[in-house]
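This report refers to the structure that appears directly beneath it.
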Amino acid sequence: MTKISTSVRVRPLAKDIDLRNHIAKQRESSNLPIIAGTTNALKPSVCVHGGRSVSAAGTQFNFPTSVITGEDQSAMFQHLGDPVLMALAGGRNATIIAYGQTGSGKTHTMLGPRGSLTIDAIQQSAPNCPPSWGIFPRAIFQILSSGSAPVIRLSAVEIFHDQAYDLLNYRAPLQVGSKKSGLKFKSRSTHLSGAEIVNGVHPPGCRCGDCWKEKNRLVAERRAMRERGEFGNGKASHRERKASTSTSPASSAPSGFATVGESVTRINSISDVASISSTIEATRTASSHALNDRSSRSHCLIRLEITSNVGGAGLKQTLLFVDLAGSERIAKSGATGALAREATSINSSLTVLGRVIQSLGTGKPHVPYRDSCLTRLLRSDLEGGAVVSVCICVADGEEHGDETVCSLRFGSRMSVVRNDAREEVAYYAAEEAAYNREQLRIAKIELADLEAKGYREKFGEGSNPSEIKSYLANKEQLEKYERQLLEARKALLEAKAKARRGGGGSVGVGALAARVGELKQGVDNMQGILMRERSIKGFVFPPKQLWVSKQALVRELQKMI
Ligand SMILES: Nc1ncnc2c1ncn2[C@@H]1O[C@H](COP(=O)(O)OP(=O)(O)OP(=O)(O)O)[C@@H](O)[C@H]1O
């Protein structure tokens, strides 16, 4: 059994001082109160001994892996990223998690400094990886430069107030359901009546004579294909044989939960990484407070699905990057109102994560995965679905002593958790495609069935047709504004990065910032109008949750085929 690998990264004190001065200036210019204690002269408090142990506020912690200090992103990647890539090469999935208090450098470690993930940065450093890039873009850079040419598909999800949102689809809310690979052909206990047959297509689990014949035909066809060796060269290895005989191509995956219906995009080149990263940066919820001028208010999960060719069969692995939102003392961050509520939500989901780790570490029979959306989504990885590596980010400085000790304690607890990551099994593309097609056929029937039962969004019987038309036009307009806002935010990030390097004027940045402001206003107005329209009694009825998740499943399966 292997243990979760835990490393520590210490943010240099000088960076804290720079950041404090920058925030103090920003708050002063916008007439915001400066939080007491945050502008005090800072003294170092973290002491690293021999790259393996660290002491903070008089307490010493030992870590079997490494303790890294400084700004060097490539040195940090050697400690954190290389083992993860080795796990992938060994046929396993891998997960890397950044944990720490607000402003301690989680996003910096995982992605890179704000505005650094740009096409401009790639051009400046070609053919090497941009020096400021963090683990996520560096890992893709290494995979793409390795010459193995795998197919990489990426999705990005944020968890905000315990609800999952799609970062690649304008923060569309997502359902969290049981893992896709766990989907099986369900057989219902009751005989389904002919009344449920939609457009001549039988519902899933139907036990009529025709359906039995069809099922038997499919099984016989599959067996014949296997005997003819059409699933490979006929000399499949044990691993491959195991895969080819399973009902679901990924049925060996551990149990757990996953988001349903998130957008998945293909990564073909390193410029795609820059483009996707700026989308994530522009879409992810962030705010300014006394400890960080751009503090992430959500947990961000970026999942790569890497498909490579192994002796004629496909091997599908996942590489998950988790940039957690930072734990926060409200008195120190100066958060009030919505910001304080966000901090409470972040802290409570981190507490659940702490409880899960505590239970896993002490071998308790019950692990409270279900208590938060974050732990539900991390369950299969923590249970041995992936090699897990954790980076505990701490900020040097006497003032952060208590939070640093808390983070290091969490790291120590994490480092005793054992998880023996399974090896992924290869599958045959043809078999997976057939399985997905079948799943799509079933999901479409179920969706049609739900629509027939009136589960999708519908208008009241007495609703005025012109009001309906205007409502639908407003919905379309909102989607348009959201698309434009995202593009404008991405352009603004690029322009700011260019201006910092002296490659462009602040006029362009100013114009883009104004455009972002206008579009944000447009989105807010449109959301307000739609909310008012929806509040008119009997005008429009929202879709039922069941329909929303089924529709998301259909979309997802369509993308997989
Ligand atoms: N090791 C480091 N070297 C240089 N600068 C750093 C380092 N770590 C963090 N920083 C800088 O400190 C600031 C805060 O970092 P970052 O936003 O990554 O923190 P965070 O932990 O993600 O915060 P939050 O939880 O509030 O989102 C950024 O300006 C970042 O560039």
Side-chain angles (χ1 to χ4, degrees), residues 15 18-19 21-23 25-30 32 71 73 103 105 107-134 136-138 140-141 154 156 158 167-171 263 265 267-289 292-298 300 302 323 479-525:
K15 280 288 146 193
D18 289 351
L19 187 63
N21 291 338
H22 175 67
I23 295 170
K25 253 192 229 153
Q26 265 190 346
R27 292 183 86 88
E28 217 174 334
S29 62
S30 30
L32 286 167
E71 292 182 37
Q73 298 278 61
T107 310
H108 185 96
T109 301
M110 210 49 112
L111 298 168
R114 180 156 198 255
S116 64
L117 292 144
T118 57
I119 294 178
D120 194 35
I122 300 171
Q123 284 161 356
Q124 302 257 327
S125 65
N128 300 320
C129 181
S132 58
W133 279 18
F136 153 67
R138 258 170 208 275
I140 304 189
F141 188 90
L154 180 148
E158 80 166 351
L167 285 175
L168 301 185
N169 186 20
Y170 316 104
R171 295 192 75 245
S263 307
T265 184
I267 303 276
N268 295 312
S269 68
I270 200 68
S271 339
D272 292 343
V273 181
S275 161
I276 295 287
S277 304
S278 45
T279 303
I280 294 172
E281 206 172 303
T283 318
R284 191 174 172 195
T285 314
S287 305
S288 165
H289 59 64
N292 193 356
D293 63 335
R294 195 179 154 81
S295 169
S296 313
R297 313 308 287 163
S298 62
C300 174
I302 305 174
D323 178 14
E479 278 167 23
K480 193 171 145 200
Y481 276 151
E482 281 176 338
R483 270 198 306 274
Q484 289 176 344
L485 177 61
L486 179 60
E487 289 313 316
R489 278 185 170 154
K490 281 166 70 176
L492 179 61
L493 283 175
E494 281 277 348
K496 278 187 176 169
K498 216 169 182 173
R500 267 201 298 275
R501 275 191 290 274
S506 56
V507 182
V509 172
L512 279 168
R515 173 91 183 124
V516 166
E518 267 169 36
L519 288 167
K520 176 87 184 57
Q521 188 67 47
V523 167
D524 290 347
N525 287 347

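Keep in mind that what you see is a predicted model, and the values were worked out from it rather than measured. In this chain, numbering begins with 1 at the start of the sequence shown.
- Taking 4.5 Å as the limit, some side-chain heavy atom of I302 sits within range of a side-chain heavy atom of L111.
- One distance of note links CD1 of I270 with CZ of R138; it measures 10.5 Å at 0.5 Å rounding.
- With sequence neighbours left out, R297 forms a side chain to side chain donor-acceptor pair (under 3.5 Å) with S295, E328, E342.
- In this structure E281 satisfies the side chain to side chain donor-acceptor pair (under 3.5 Å) test with no other residue, sequence neighbours excluded.
- In this structure, the separation between CD on E482 and NZ on K480 is 13.0 Å, given to the nearest 0.5 Å.
- The side chain to side chain contact (heavy atoms under 4.5 Å, CB included) test applied to N128 returns no partner, not counting sequence neighbours.
- Applying the side chain to side chain donor-acceptor pair (under 3.5 Å) criterion to K520, with sequence neighbours excluded, gives D524.
- Once rounded to the nearest 0.5 Å, the distance linking CG of D323 with OG1 of T107 reads 3.5 Å.
- In this view, E518 and R515 satisfy the salt bridge (charged side-chain N to carboxylate O under 4.0 Å, His left out) rule, not counting sequence neighbours.
- In this structure, the side chain of S275 does not engage the main chain of S271 through any donor-acceptor pair within 3.5 Å.
- Not a single donor-acceptor pair under 3.5 Å links the side chain of N525 to the backbone N or O of G522.
- Interatomic distance, L492 CG to S278 OG, rounded to the nearest 0.5 Å: 11.0 Å.
- Considering only residues two or more places apart in sequence or on other chains, S132 meets the side chain to side chain contact (heavy atoms under 4.5 Å, CB included) condition with P113, S116.
- Within the 4.5 Å cutoff, the side chain of I280 has heavy atoms near those of the I276 side chain.
- Between the Q123 side chain and the T118 main chain, no donor and acceptor come within less than 3.5 Å of each other.
- T285 has its side chain within reach of R171: a pair of non-hydrogen atoms, C-beta onward, lies under 4.5 Å apart.
- Partners of Y481 according to the side chain to side chain contact (heavy atoms under 4.5 Å, CB included) rule, which considers only residues two or more places apart in sequence or in another chain, are Q477, Q484, L519, V523, M526.
- In this structure, T279 and L167 have side chains that are not in contact, with every pair of non-hydrogen atoms separated by 4.5 Å or more.
- Applying the side chain to side chain donor-acceptor pair (under 3.5 Å) criterion to S263, with sequence neighbours excluded, gives D166.
- Considering all non-hydrogen atoms of both residues, V516 and R489 come closest at CG2-N, 3.9 Å.
- Every side chain to side chain contact (heavy atoms under 4.5 Å, CB included) that S277 has, sequence neighbours left out, goes to L117, F136, V273.
- Side chain of R284 to backbone of S298: a donor-acceptor contact under 3.5 angstrom is found.
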Given I122 and W133, is the side-chain contact (heavy atoms from CB on, under 4.5 Å) satisfied, shown in steps?
CA-CA 10 Å; I122 300 171; W133 279 18; 3.6 Å; yes

